[in-house]
Undergrad: 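Sharing a structure, written as structure tokens. Questions coming.
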Amino acid sequence: MREIFAGMPWWVKWIAVPVVAIVVFGGLIATVVGFLVGLLFKALIFVVIVGGLIYVVRKFMSSSSSSSDRRDW
């Protein structure tokens, strides 16, 4: 493979080959990147919802325990 590229000009190695690779595999690359971004977004939404649920439950438990403590007085 090196012998093939050895006789080629620099612009073929550094411009033409990457452009051809992007044209050929561009759809696949876009699909993979889109999938990863979507997965990251869903994971972020999951973390936010679980964190909010934990916050609400702790807030509710702390307010209900403090009101039961007042009843004990």
Undergrad: Partners of Ile54 by side-chain contact (heavy atoms from CB on, under 4.5 Å), sequence neighbours excluded?
TA: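 Val50, Arg58.
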Undergrad: Could you pull out the closest heavy-atom pair between Lys13 and Met8, with the gap in Å?
TA: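 The pair with the smallest heavy-atom distance is CE-O, 4.0 Å.
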Undergrad: Is it possible for you to say whether Leu53 and Met61 belong to one hydrophobic cluster, with membership spreading through side-chain heavy-atom contacts below 4.5 Å?
TA: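 Yes, because Leu53 and Met61 connect within a single hydrophobic cluster, where side-chain heavy atoms sit under 4.5 Å apart.
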Undergrad: In the single-linkage hydrophobic clustering (I, L, V, M, F, W, Y; side-chain heavy atoms under 4.5 Å), do Ile29 and Val24 co-cluster?
TA: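 As far as the 4.5 Å side-chain criterion goes, Val24 and Ile29 are connected within one cluster.
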Undergrad: Is Trp14 reachable from Trp11 through a run of hydrophobic residues whose side-chain heavy atoms are each under 4.5 Å from the next?
TA: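 Yes, it is one cluster - the side chains of Trp11 and Trp14 are joined through contacts under 4.5 Å.
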Undergrad: Using the rule that two of Ile, Leu, Val, Met, Phe, Trp, Tyr join whenever any of their side-chain heavy atoms come within less than 4.5 Å, decide whether Ile22 and Val20 are in one cluster.
TA: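 Per the 4.5 Å side-chain linkage, Ile22 and Val20 are not co-clustered.
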Undergrad: Within this structure, what is the CG-CG distance for the pair Leu39 and Leu44, rounded to the nearest 0.5 Å?
TA: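 Interatomic distance, Leu39 CG to Leu44 CG, rounded to 0.5 Å: 11.5 Å.
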Undergrad: Measuring only between side-chain heavy atoms, which start at C-beta, is Leu36 closer than 4.5 Å to Val32?
TA: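 SC-SC contact between Leu36 and Val32 confirmed.
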